[in-house]
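First the structure, in the form of structure tokens, and then the observations on it.
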Amino acid sequence: MADSFAAVVADIRLESRTGIHGRWQMSLDRTEFVPGDTGVLEAVTRSGTRLEIPVVAVSVDEEGVVWHMVEKPLAAGTDVVGSRHVAA
């Protein structure tokens, strides 16, 4: 079961890097993800290519910002459709 919602990438920051591999945190202008969720963010590039970015973890910082952990970042301002995986 998955719930979907539309959002815009609000901010992005590097969480960690090991060699050439990085893990990024992205915040959205709105989200239905909560800590413990996983899922996918989908975006379409200007050329029409469809991207699916797995959300591997979700956390909330001390200011209440929800951060979506991903291994491939999207630029701030990118429109996305989020689908969170809901445990049955």
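- In this structure the side chain of P35 never reaches within 4.5 angstrom of the side chain of S59, judged on heavy atoms.
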Side-chain donor-acceptor distances from residues 68-82 under 3.5 Å, at least two apart:
from: H68; atom 1: ND1; to: M26; atom 2: O; distance (Å): 2.8
from: H68; atom 1: NE2; to: T31; atom 2: OG1; distance (Å): 2.8
from: T78; atom 1: OG1; to: A75; atom 2: O; distance (Å): 2.7

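- Between L51 and V44 the shortest side-chain heavy-atom distance does not fall below 4.5 Å.
- Listed by first then second residue, pairs satisfying salt bridge (Lys or Arg N to Asp or Glu O under 4.0 Å) with a partner in residues 24-35 read R30-E32, not counting sequence neighbours.
- Atoms CD and CH2, from E15 and W67 in turn, are 10.5 Å apart once rounded to the nearest 0.5 Å.
- Residue I12 is grouped with residue I53 when hydrophobic side chains (ILVMFWY) are merged at heavy-atom distances under 4.5 angstrom, including chains of intermediate members.
- Across V40 and H85, no two heavy atoms sit closer than the pair CG2-NE2, 4.4 Å.
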Audit row: V66, L28, side chain to side chain contact (heavy atoms under 4.5 Å, CB included) steps and yes/no: CA-CA 8 Å; V66 178; L28 307 175; over 6 Å; no
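- At least one side-chain heavy atom of F5 sits under 4.5 Å from a side-chain heavy atom of F33.
- Each of V55 and V8 belongs to its own hydrophobic cluster when Ile, Leu, Val, Met, Phe, Trp and Tyr are linked at side-chain heavy-atom distances under 4.5 angstrom.
- Here R46 pairs with nothing under the side-chain contact (heavy atoms from CB on, under 4.5 Å) rule; sequence neighbours left out.
- Residues Q25 and D11 fail the side-chain proximity criterion, which asks for heavy atoms closer than 4.5 Å.
- Within 6.0 Å of the CZ atom in R13, the count of heavy atoms belonging to other residues, nucleotides or ligands exceeds 12.
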